[in-house]
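Structure first, then comments.
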There are 2 protein chains.
Amino acid sequence: MQLSSYINQILPLADITNRAIESAFVPVKFSKTQILIPEGKISKEMFFIEKGLARIYYYNESGKDITYSFFTEGMMLTVAESFFGQLPSRYNIESLEDCEMRKITYTDFEMLLKTYPETEKVKSQGLLEFLLKATDRIVTLQFLSAQERYDLLMKNYPSIILRASLGHIASYLGITQETLSRIRAKK
Amino acid sequence: MQLSSYINQILPLADITNRAIESAFVPVKFSKTQILIPEGKISKEMFFIEKGLARIYYYNESGKDITYSFFTEGMMLTVAESFFGQLPSRYNIESLEDCEMRKITYTDFEMLLKTYPETEKVKSQGLLEFLLKATDRIVTLQFLSAQERYDLLMKNYPSIILRASLGHIASYLGITQETLSRIRAKK
DNA sequence: ATAAGCTTTTGATCTAGATCAAATATTAAT
DNA sequence: ATTAATATTTGATCTAGATCAAAAGCTTAT
């Protein structure tokens with residue numbers, strides 16, 4: 001999906017606003033396993049993925065690397081609280097494949113908000129989408145079994161399951177690699 | 001906490017805006033165990049709690065009543081996706097004690113947004129707070145043990161633990177009542 | 001092509017927390 | 001006050017998923 005269709009599907013905007021947004025997002029490429037946003041830093045940029053796969057992750061108290069979430073084509077990639085709130089990020093963002101993205105800086109984003117007030121609505125609408133995903137995730141983790149969580153991911157994001165590594169998927173689901181491997185072997 | 005201090009702590013606003021917000025929130029009382037927002041309906045109202053305790057809950061596939069989250073004095077109570085997005089709520093809101101609240105209707109909320117554009121920022125900032133809480137919750141559920149989750153709730157919201165029932169707290173933590181009872185008995 | 005380094009699978013065991021069931025406490029209703 | 005209804009505790013099992021350990025498959029770099 002293109003950035004323009006992504007924005008329009010969130011909220012239809014005047015042509016001039018659309019063009020301003022388009023040109024505020026500049027192309028960037030990343031190779032596999034680059035850190036786009038490191039833990040502890042304020043996110044100065046937000047990304048829209050045109051091609052590739054990335055994840056947000058953190059290290060838990062015992063130092064284990066835990067995937068918080070995956071992002072792929074047509075998704076807006078950002079640690080929302082850090083970018084929108086300009087707070088230090090508690091997570092890292094890492095590319096898992098060679099990626100083609102578009103990025104916007106926070107400065108340019110603020111400029112858009114000032115110049116085209118209707119973008120403020122894109123912001124709230126965007127935040128709402130992140131919130132919807134987060135609440136889904138909570139319900140999933142609260143009471144589904146490992147198998148059910150896997151099936152759900154498979155149903156909603158089959159491409160992630162095909163492209164991400166076993167270990168990353170397992171920690172995303174809140175289970176160990178061994179358990180995930182056995183779930184897969186079973187069917 | 002008063003509504004005015006709540007708003008000001010989120011974002012300082014012009015006096016006139018503050019006063020408009022104040023008067024848009026009208027007082028309401030609820031007695032124990034009333035349903036303020038039922039599942040399936042679009043939230044037409046958002047509440048600010050001055051006194052009392054409430055929860056958001058849903059029924060899982062096997063019909064079990066699961067507490068999604070608790071709200072008490074000084075908190076804004078709403079199924080954010082439903083109120084801000086005007087979508088049908090997937091959860092119920094229920095009072096757990098006799099409550100004194102202030103409520104605003106969506107119509108009045110929209111009016112505020114139009115008349116005082118700076119309230120749009122209160123909205124995004126509010127959404128951001130909901131998002132922050134949700135991401136915390138995900139991390140908690142992803143890899144902490146029952147005991148750790150309990151300790152964390154106790155540390156962050158001791159008053160909830162003292163006031164809510166065992167069953168409600170247990171489902172909130174993603175465990176059974178029996179397990180929670182044993183965790184408590186242990187210390 | 002081969003070694004070195006990762007990633008995934010498989011096996012054996014262990015344990016946190018679930019489930020089932022019954023006994024106490026607590027609260028509400030007549 | 002007494003009964004009925006609801007919430008909590010306690011006990012005895014069971015099981016999903018963790019942990020530990022080693023083998024087998026893949027990648028990547030020389």
Side-chain angles (χ1 to χ4, degrees), chain A residues 31-35 52-55 57 59-67 70 94-98 139-154 160-187, chain B residues 30-35 52-55 57 59-67 70 94-98 138-154 160-187:
Chain A
S31 52
K32 215 174 164 162
T33 72
Q34 273 189 273
I35 300 293
L53 179 69
R55 66 168 181 142
Y57 74 99
Y59 295 96
N60 72 2
E61 338 76 69
S62 26
K64 222 192 128 208
D65 152 351
I66 314 281
T67 297
F70 293 105
E94 178 191 35
S95 57
L96 296 176
E97 294 177 354
D98 293 347
V139 170
T140 303
L141 289 169
Q142 212 175 1
F143 272 105
L144 297 191
S145 68
Q147 176 78 59
E148 289 170 315
R149 275 177 265 169
Y150 179 77
D151 293 345
L152 208 60
L153 178 62
M154 181 60 123
I160 287 170
I161 289 201
L162 295 170
R163 293 155 74 183
S165 79
L166 184 91
H168 292 160
I169 296 172
S171 71
Y172 172 82
L173 295 174
I175 60 179
T176 60
Q177 319 198 52
E178 292 94 329
T179 298
L180 179 51
S181 176
R182 282 183 246 264
I183 284 176
R184 285 184 165 175
K186 204 171 353 162
K187 352 182 128 179
Chain B
F30 293 102
S31 52
K32 213 173 165 163
T33 72
Q34 273 191 273
I35 300 293
L53 179 69
R55 67 171 182 141
Y57 74 99
Y59 295 97
N60 72 1
E61 338 77 70
S62 26
K64 224 193 127 208
D65 150 352
I66 313 281
T67 297
F70 294 104
E94 178 192 34
S95 56
L96 297 176
E97 295 177 354
D98 293 348
I138 291 171
V139 169
T140 303
L141 289 169
Q142 211 175 1
F143 271 105
L144 297 190
S145 68
Q147 176 79 59
E148 289 171 313
R149 277 178 265 169
Y150 179 78
D151 292 345
L152 208 60
L153 178 63
M154 182 59 124
I160 287 170
I161 289 201
L162 295 170
R163 292 156 73 185
S165 79
L166 184 91
H168 292 160
I169 296 172
S171 70
Y172 172 82
L173 295 173
I175 60 180
T176 59
Q177 321 197 46
E178 293 93 329
T179 299
L180 179 51
S181 175
R182 282 185 246 263
I183 285 177
R184 286 184 162 174
K186 204 172 352 161
K187 346 184 132 181

Phosphate-side-chain proximity, B:S181 and D:dT9, N/O vs OP1/OP2 below 4.0 Å: yes
A:T179 side chain N/O closer than 4.0 Å to the phosphate oxygens (OP1, OP2) of D:dA18? yes
Report the nucleotide, chosen from C:dA21, C:dG17, C:dT10, that has the shortest atom-to-atom distance to any side-chain atom of A:E178. C:dT10
For [X] and [N], what is the distance between atoms [atom1] and [atom2] respectively, to the nearest whole Å?
X      : N      : atom1 : atom2 : answer
A:E148 : D:dG17 : CD    : C1'   : 14 Å
A:K186 : C:dT10 : NZ    : P     : 13 Å
B:I161 : D:dT8  : CD1   : P     : 13 Å
A:I183 : D:dA16 : CD1   : P     : 11 Å
A:Q177 : C:dT10 : CD    : C1'   : 14 Å
B:L141 : C:dG17 : CG    : P     : 13 Å
B:R163 : C:dT27 : CZ    : C1'   : 19 Å
B:H168 : D:dT6  : NE2   : P     : 13 Å

I'd like to check [X] versus [Y] (side-chain heavy atoms, cut-off strictly below 4.5 Å). Are they in contact?
X      : Y      : result
A:R184 : A:I161 : yes
A:L144 : B:E61  : yes
B:R163 : B:F70  : no
B:L153 : B:Y172 : yes
B:I175 : B:I183 : yes
B:Q142 : A:N60  : no
A:H168 : A:L53  : no

Hey, does the side-chain of B:R182 have a donor or acceptor N/O within less than 3.5 Å of a partner on the base of C:dT19? yes
Which sits closer to the 5' end of DNA chain C, B:K32 or B:S145, going by the nucleotide each is nearest to?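 The answer here is B:S145.
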Difference in axis direction between the ends of the helix from C:dA1-D:dT30 to C:dT30-D:dA1, five pairs, 10°: 50°
Specify the residue among A:G174 and B:L180 whose closest nucleotide of DNA chain D lies further upstream toward the 5′ end.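 Checking each residue's closest nucleotide, the 5'-ward one belongs to B:L180.
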Does A:S165 reach a base, just sugar-phosphate, or nothing at all? Heavy atoms under 4.0 Å.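 Sugar-phosphate contact only - A:S165 comes under 4.0 Å of backbone atoms but never of a base.
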